[in-house]
Structure formats: C-alpha cells, structure tokens
Amino acid sequence: MSSSISTSKAEISYIQAGLLSDPPLRADGRGLHDFRAINLETGVAPLANGSAHLSIGKNPHGGGGGTEILAAAKLEVEDVDGRGEGVNGGRIVCAVSCSPSAYPHLSSSALDDLQQDMSTLLHQTLSHPSLHPPNLSIIPNKKSWLLNLDCVVLADAGNTYDALFMAARAALWDCKVPRTRAVEYKAPSNAPGAKVLESGEMDVDETAGDSAANQSGFDTRSIARAVDFELPDYWDEGEVLGGRDRWPVCVTMNAVAPAPASTSKTPWVHYLDAILQEEAATPLRLLLVFSFPPNSIPNLQAMRVLGSGELETAQIRDSVSSGEKFAQKMWDALNAKLKEEDLRRGQKARDRFARR
Amino acid sequence: MVDITIRKRPRTEAVVTQRKFFKKTARGKVIKVLRERYLRDDVGCGIQSCSSCESSGDQTLPFSGDLAHNSFPDGYFVLPDTNVFLSQMDLMESSLFKAPIIVLQTVMEEVRHRSIPLYNRLKTLVRTDEKPVWVFYNEYRSETAIIREDNESPNDRNDRGIRKAAEWYNTHIGLSRPIIRGQAKPKIPTVLLLTEDAANRKKAENNGIPVSSIRKYISSFPESVAAQLLDLLSSQDDNEIEPTRAGGKQAIYPEYFSESILQAGLSTGRLHKGHFNANTYNYLQGSVSVPAFPKPVLLIGRENLNRAVQGDIVVVEVFDEAKWGVEGDEVVDQEATLKNDDADSDEDEENDDITRQEAKAIRASDSAAQQREKQPTGRVVGIVKRNWRPIVCHIDATALPSTGATSSTSASTLSTQTLLAHPTSTLLPRIRIRTRQGSALVNKKILVAIDAWVPTSRYPDGHFVRVLGDVGGEDAEREGLMLEFGISYGAFGSAILGCLPPEGDSWVVPPKSDDNPVWKRREDLRDLTICSIDPPNCQDIDDALHARPLPNGNIEAGVHIADVSNFVHADTPMDTEASARGTTVYLVDKRIDMLPALLGTNLCSLRPNVERLAFSAIWELTPEAEIVNVRFTKSVIRSKAAFTYEEAQIRKDDPNRQDELTTAIRLLNTLAQKLKAARMAAGALNLASPEVKIHLDSAESSDPIDVEQKEMRETNSLVEEFMLLANISVANKIWEAFPATAVLRRHLPPPRTNFDKLKDILQKRKGMTLDVSSSGALADSLDKCVDPTEPAFNTLVRIMATRCMLSAEYFCSGSVGRDTFGHYGLASSIYTHFTSPIRRYADVLAHRQLSAAIDYTPLHASLHSKPHVERILEVVNRRHRMAQMAGRASVEYYVGLALKNRGDRQQVTEEAFVIRTFRNGLGVFVSKLGIEGLVMFKRDITQFDADNYTVTIPASSKAVPGNKDVTISVFDKVVVKIEVEKDKNTQKGKVKMTLVHPIDSRAL
C-alpha cells in the first residue's frame, strides 16, 4: 500500500538527521511547519457541477514538479425506491484514482490498492452524516441527488492526502445544485363538475355535511403527491451545495524520532508537507482531518496513522492539538482563496467582459 | 484564401465563452450541456450598402428603411420583441405590413422555445422574398452579446439583450453614415423596438432607445392602412388598452390546471390526454378518446368542455363513477339556442337565460341517463396543444348596428365593432372578433384566427385574417374548404418546376439503344396488348393491365404502373413538395395535384398509343388464379387503349367482339373474380361508403345539375383486384428487402366496443346479430343482414359498420411489431400502396424501395432511416385524412347546390332511413343522395325510448293521422322533404329536412 519510493538507508538517515538537527534542515530549505506554495483554481471542469485543480510545490515557472490533484463533483438523479442504492436525502460517493504516470514505480495492482486506500479515507470522511449537505433531496421519498466526487492524483510529490482533501473541499465548495421544482398533482378544490350538480336536482344526503363530495375524488387520497420534478431555470447553475463551509481539511503530521534507540519518552519531531523522500524517511504519519464549522468548536472528523512507528496516547493528544492549529491556518488560507476564486469567475469576469 | 488562426481561449474567459445549461431527459436524468460561444466583429447588420459591415451581397434591408410612417420621415426599421411574434404573427405576415424587419437571434430562440408552430411560421417569414427581413445574430456579435447577471431571470436577460441590440443598431447606423462636409446631412433611419411588454418599453425609454407598442405604431399610419392593419391585430392586448373590460367579470369557465400539475396528473394516471371531438348534434357535448377507458370520456356542459375546440389535444379529469352520464339523446343547436346572444353580452341578463336554457338541456339528458349504460364522464382541465387553424366564418348581418350597415362610407366605419363570426363547421364555437370594417364583411366568407379564450368570456376571441369572397361564390367556398383542411393549393414554385425534364411536354421515351441510360435494364414491353381502365375523364392514368395465356396453360398477367420515381428523385425540391402535399386532392370541381401537371397528366400518365416508362409487376397465375411466381421490372410500354369502366364493361359483354384487347379483358375478369372469391373466403370485408356522383353541367359553368349514385361494375372490381394483388406482392418484396424501413399500410382491427351500439340496435330493431370476433365473421354476419323488402338496408348496415372501424394508415415496418402489420378490411397479412404514385406520395416511396429491392437503383439514404420514414409517413397519413375529408365536404357542398337547383323546380322528397333517434328529432340518411340530415320535432310531445331507439308521437298530436300513436325507430324507412334554406343573416345555405311520411313533422 505504500506510495513511497525506494530510498537507501544512508539517504534515510541523512534526511532524518536533517529534520532532527537544530535548526532543522530540509532539502528545500523550509522550516518544519512551512508548506510549499499551493496553487488552486476552481471551475476547471465546465461539465461538472463543481471542480477544482490544486497543486502543491509546483515549479512556478516551468510548471513541473509538485503534487497535483484534480477534483470534480458531479450530480446525478437517483430514484429512491428501495431497489437501487438511492437514499432519501441524497448521498455522496467519493472515489480517488491515481494516474499511473504519477506512480511509475508501482505495479497496477499496487496502484489499485493505493487508490482504494485513498478512496476509502476520503469517502468515509466526507460521507459522514455530520457533514451531509441539506439540499441533496429532490422529492422526499422519490428522488434525490447522488453526488459523485471524483479525484485524480495527477502527480505525487509528497503530501498527497492534504492536497486531496483541499482539492475535495474546493470542488465541493464550488459545487452548485441545479434548482428543481417538485411537480405534483392536486386538483383545485372548486371542481366545476360539482357546480353543475348543485344546480340540478341532486339528492340531499349526498351533499349534506360531506365536503368531499364537492371536491374532486382525487383529493381524498393522502399519498405524497409530488411525482416528478422540473428545472425551473435551466440556464442557471443552481444554488450552492448546502454546508459548503463545513467540508474538512486534512493535516498530515509527519513524525520522526530523535534516535532509533531512544525510548518512547523522547518527544517526536513533527513536520508538515513532506516531499516524497521525506515521506520515505518518516516512520509514522498521522492524518488529522478537521472541520471548523462557523460559530462552533472545531471537529476532528477523522484520524489515521500511516507507517510502522508507534505513538502513545499522550503524544497523540499533543499531535492533535498542534495539528488543529495548523489545520486552522490552512483552513483560513483556503477559504480566502476560494472566495477570491468565486469573485474571479463571477463578477470580475463579467466586468472584464463589459469593459472590453 | 483567408488565413484561419485558432487561438486557444483562456479558461479565465469561460464565463463569456461558455454557455452552460441543464436539460432534463425523458428518463428523468439531468444532464449539463456546454456550448462554446465565439464572438465576432463581423456579424452583418443586413442593411444594404452599409459602410461598416462587410458586404456579401445578400443584405435584405433597404438602405433608407421604410419611409411610409408618419412619425419617421427619415425612415425606420422595426425590431420586434419576442412577444410581438408570439401574439401578432398574422400582422407580421400580412402583405400590408411593409416595414423592414430585423429579427434577433434571441427572439428566434425564444419563439422556438415558446411555440414550435409559430417558430415555423417565423422561419417562413424570414425566408420569404416578399418582405425585407434580416436575422441578426446578436448573441454572436461581440458588441451585442451579453452575459446573464446574478439573480437575473432568463426573460430579463433576453429583454436586456434585445434592448442592447436595438441600441447598437441605432448607434451603428449613425456611425456608418458620417456627416461629410459639403454634402447634405445624411438621413439616419431609426431602429424602432416594438414590444408589448410595458416594463421593457419603460426600460428602453430610459436608455433612450426608440420604442413603441404595436398598436401605437400602427395607429400612426395613414388612416386607410391603419384600419386594415388594426383588424389583423390579435386581441390579446385588449386588456392592456381597456383595463375596464377585464375587471369585475365573472368567470364562466374554470381555470386550467398549471402545466406542472397536468404533467404530474398524467404521469400518475389520474388525468388523461386525448383529442377533443365536438359532438355534431349537440354543441354542449364532446368526447375525448383516451387509452385508459374502452369508451371515450364524455364531456357534458359548457364548464366541463372548458374552452376545448375541435381537434385540440386536451387533458381530462374523469369524475367518480357516480357522476358518469350518457351521451345526450337530443339535438342542441348552437344557432338556435344562442340566436340572440350578442357579442358583447357576457354580463347581460340575457346571459342568465342562456345559462338556464343550457342547464335545462343538460338536465334533460341527465334524467334520461338513469337507465342506460353509463360512459366515463369528466371535464377538461388543461390543453396540451391547441389546434387553432384559420377558420372559415360568416358574419351575422343582424349583429351589425344599423348605423354601421347603412353609412358604410362615412368615417364612423373606422370605429371598432365587436361581432360574432359563425364558423361554417358546426363543430366549432362562434368567435368574437373586433373589426372596423364590419359592414364590408357581411355576406362574405372570411377567414378568422382564434387568439385566446379567456375564462371570463363565453366565446373565444379572434381576429379577422382576410376575405375569401362572397358567400355562395364557388371560388370562395372552394378556397375556404381547402384552408379548412389545410390543403396547400398554391402553384408549384420555380424551383419545383425546374426539376421537370427540360424538354417539357415534348419529352418522349428515347429510341431504344443499349447505351441510353433510360433504357438501361428496362424491359421492352411495347408490343404487349396493354390497356387502362379508369373512371371517365381520368387524366392521371397511373395503372394499366395486360393478360395473355402462356403455352403451359397458365396465364401471364401484368400490372403496369407509371414510373414516377424516374422523374421524381429523392431530395429534390419537387420531392420535398410532393412529400409535404402527400396526396392529390380531388374536389368535385377541382383537382389539387401532388405533382406538377406536366408529370401527372402527361409524362407519367399511361396514355394510349404513346410510349411511356412503367414499373411492371408480372405474375404467372394458374387458371385458378394462384400465383406461380411474380417478378418486378422497370419497363417501357405502349398502352393500346384507355377505357372507361363502362366502355370496358360493354366491350367485355359484347359477344361479337373477339379481338385481342377484349379477350384480354375477359381473361383478366375471370381471374379477378377468382381472386375476389379467394379474398372473401379469407375474410375480407365488403365495406361501403355513400358515394355519389355529381353531374356538372358543362366545363364553363360548373353548376351541378344532378346527383346520382355511383354505379359499381364488374370492371371496377377487375381493376381493384389486380391493384390489390400488385400492392400485396410489392409489400412482401419490399418488406423482405428492407425489414426496418419498408413503407407499408395497415388497418388495425377495431376495438370490439366500437360495435356495441350497432350490435345493440341491430339486435333490438331487426333481431339480427353481428359477429365482430374477426373480419371474416363480421363479413359473414354483414352478409346476413338483409331485409328482403329493402335492398338498400344491407348497404346502410355496411356504412354504419364502416363508421365503427378505425382508419387505415401508412407505417414504417420497423416501427411496429410484425403481428400488427395486417390489413383488417382486406384480410391481408401485409399491404402497401404501390399503384398510384402520381397521386399518392407513399406509392412514390414504395416505388423507390421496390426499385432498390430489384437492384435497379440504390436506395436513397433517407429511406434507410427509420425516423425519417416515420416522419414522412406521419405527414402523409395526416394529408390523406384531410384530403378525404375535404373531398367529402366538397361533395356535400355540391349536393346542397344540386338540391337547391332541383328544389327551385320542384319539391324534393326522398326516401330515407332513420339512423339515430333523439328526444326531439331524427337522424336520417338519404341513400340516394348520400347525405345525412336531421329532422327536428318540437320538444316535449314525444315519448322517447332510448333503450329501444324509438320515438313515439302520441295520437293526440294533430300531426298524426288517425287515432294511433306513431312510433318511429332506427332503421325505419321514412320519407323526407329536403329543402335548402338560406339563412337570412349569414347567407349560409343549410339543408333542412322535414318528415313527410309517416307523419308530417311540420304539423307538430
């Protein structure tokens, strides 16, 4: 299941020594808690309902290097009839696929395993009920939206999980749900058929006290009337996916221990945004997925440990609390960028068009 | 060569370059569609010699615009908003409307989205040469393209786009005509935005765009033009101008359900959709056939009919079974009941009278309904599609205010009057129109279009389209008839005539040679003794026959059909026109050709003693008329004679004649008799429809002098049998060759319930049974329905049985299951039409397919496409139906004329059969004249027995001679007096029948 590249022992110890030295030394000169440059663009796939393209550490001039993720959310109508998989209120299905060119050293079955692993993490986290968007229902008990979130790892230069969650958050943030209007059949109550009879010689007891007699026979049945839906405004992209500001971000806490011989009492050193070689030299990686709902306390949505190292409870607690701070920073930066993207694609583009 | 550079469009411009929208598919999925938009700077404005637009020579708008309008001395163009085309298409199409029109792409798209028929009319308008119309692709010109704002409705966006285009045009014209020193200041025409939307007008005014409402624009024309144009205005905007009319009016009809409710109701099966059929006898009743019920859903009363008009596709709600009713048993005539209704009188006291009268009519049928079997009953709750064609009407002279009638020259004629137009068809409601030329319209046949029918109005609102001619004038009557049935009767255009052989009528079959393409793989049958047998005066002879004994004792018989597909090739203008016309229409005094006359009556027509190209089917038959084999070939024939049925019959029966032609006819006749016997044994029906012949006086004046019934001779049946044989053989061949797209014809077996009533009547009145289990059983039992004292009775029953059946239709073999191919009436498992390609388009298709099936020519790609064939056949089926109805209506009209002529000389009394009984009348069929009529009684003195189909006139009535009650029942023979009565007010000739025997109904 490892995505790591093969690295010699000497190289590993060199990298570890660098990370543990004071001041820490990393190959690209970053501090332990510095991220590489992150690039984000939304709305890249015009046929999707929401999409984003994210890269970490991409060479700004040549465009090479760096981790690259493409995420796209696509909505599909599902029947909620018990026969298919559709559920009342809609559902979310996430899938991650890895481009073989991103992992040239992996066999196809290893690639499958890797994809499977990433998909499971993303899916389990994002389809959790606490994050479920409120507006995926079309007609209660009849039809709902299925949100397919598909992510592609185009290139892996380390820290894929953080990139994956950021891209997913951006695509979901960008996602718009087409407006629908339920279509129902309800006979208006002043049926003229009844009128005609009133003027005629109708039996008294047929009308007396029985208001239903004045109505159409269809009114008396009480089943859900909405049977279908229509698109009231098909030019419109729709309304934003509800709960867009709850989608979480992931922070990977990479941990290296000072010396292999030391006891578990010695503090681990955490660092962020590992490049591939660093990942190979890191015995333990802790994935922390945080959501920061507005006006409420942060939620730890998921946690995952990767690697062969061991952690004690106390260390986990420390890691979580410091991880939360990093996540908060990432969250703020991402939000700012997403809002900027919305503006760039909306009002600014129209203004530019008008100025032309 | 123009250099083409494709520049990559940056994604940052996506909002401008991409147009995204959602689409809901039939299966309920939502898909997102993405369109790329390329904006250009060279989309032309369409004004001739515009200095800024690149000229391509096809600009249609005159340089100085239209100068005829008072308000725009410098000239102007009109730029109509979508709503103008949606509501005022007649006006825009009128030849009186001469202003150059700029049609925006946005407007075109909106019209298409709102109404496909109007969109098609708009497209025709754009293509026409008669008017300057230019389509401006405003969404693709960079200056006029717009993007939708946040929170902007699609409508607002389009309105903004239209305003922007109007603004641009006005600037553009100004810029392209700069003031040059030393020259006169150039005239700058205005581009006038026409819109009916007040809000849009206001916004345009604020932006300084010249804008006007249609009415205001027309009103400022010189008065003579204005009056005519104003009449063409649809009445939809009346409320805007006279808001008082709309207020405080009581709704007569319930509102329709909203579109979404209808859809939901239909998909849950609680509402039903079908064609609305008005009742001929009772204008307060109608029915809708829906698949969910074996019997049509009955609609009783004005509210339940709810503004449905004959032919509309409506949505009905069916009541609980307790409220079901039966079809009315009395005649309710709109003309009589609503005689005094004034066009403006929706709120008068009189109105209550009408309501009461109508309610009474309904109640009467309600009470009678108790005993009889009930029929699903419901009400109209929505309209899916209106079938509003222009309607031929008269104006009731009494409706005109006397001032208008007398002082027709004074200016007062320009004031608007509201009139009721009376359609010629009894199935249609009267239409309220507003006109300024009321007095001029009296005694004219006019064409009226329905615009709307609002719930507060008893009658639909319409507008006057044009005058057809004087009432009673044959040209007007004929044109009215053709318009009513949607028959295109225009002359063939030059593009179509261009498809004819350049030699014209001097075209001949080229001399036989191996390298001439015409002769290639064509058999030379010029020496065969071929002849044609047709009705008298037949000019389009499309079939000819031959027969000769073979040495082996068998007989060779051949059917030779005009080789139309040699002249009419797929995908040519002539082919397109023929497929649109679908069939030749035969009116009593006129034939409206499907193909240009040069082909139909000359080059294709198998005239005697000239060489003609043919498509031959040649059988080897045993003397017992069993097929040994059949082959099809293209050929060249020279017919030896063209007989009428009568001539051929006489020749055949003359024992002295032993020439080759006569023996061939006799041979054909023997075979035909055997073929017919075999067909009858297989269960074919011998159906009947009333057919009469109109004798026209002479060619000059087409006044008919008499009517007689068509005679059926042996030779009629001879030709018929061989045509059937050819059609069946061809059907098998083309179906074998093209199983997916063969053009076939079928006749579905009628639902048994269709016969219920006839069976019941026969059982009760005559003690006869009708077995409808199969066509064979039906044929047998029809044969037994004989009244020895009354030979015409059997024909009557056959006519009535025919009415119970479905009509035959063309279909594409791949579209339906093999088990539904059968032809019920002919008892054939497969059938097509092959034998009349000159007058039926389906036959032309069958020719092409057969010709490909014998590897003579490759099949045109369009005939391999199932959807294409289906589409064509749908049109052909409709045209075919319309042509039949038009033909019948034409006969009816002439029978009326003939009766009038006869009636002038003497009283016309004829024997008639009672075919229907009503509480207050009888439906009768005069078999000698082939017409149906109504005899009305005064109500309340008769005893009506709906179960036994009898009406009894009590002895107490003075009309009854002697002291015995007189009972009249269905199938009784009565004597009626027939008169043609001209309605004093509408000048509409109306056949009126009164009973003479057994009682005199006038004395009732």
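All chains are named by letter (A, B, ...) in the order of the sequence lines, taking the proteins before the strands, and each is independently numbered beginning at 1.
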Q.
Out of A:Leu75, A:Asp79, A:Thr180, A:Leu231, return the one with the most heavy atom pairs under 4.5 angstrom to chain B.
A. A:Leu231
(Q) Is B:Val381 in contact with chain A via its backbone, its side chain, both, or neither, using a 4.5 Å heavy-atom distance? (A) neither
Q) Who pairs with A:Asn39 by side-chain contact (heavy atoms from CB on, under 4.5 Å), at least two apart in sequence or on another chain? A) A:Ser55
(Q) What part of A:Asn49 gets within 4.5 angstrom of chain B, counting heavy atoms only: side chain, backbone, both, or neither? (A) both
Q: With sequence neighbours left out, write down each residue that passes side-chain contact (heavy atoms from CB on, under 4.5 Å) with B:Asp42, or none if nothing qualifies.
A: B:Arg40
Q) Which bit of B:Ile146 is near chain A, if near means a heavy-atom gap under 4.5 Å: side chain, backbone, both or neither? A) backbone
Q) Are a donor atom and an acceptor atom from the side chains of A:Arg345 and A:Thr42 found within less than 3.5 Å of each other? A) yes
(Q) Looking at A:Asn88 and A:Asn141, would you say the former's side chain and the latter's main chain have a donor-acceptor pair under 3.5 Å? (A) yes
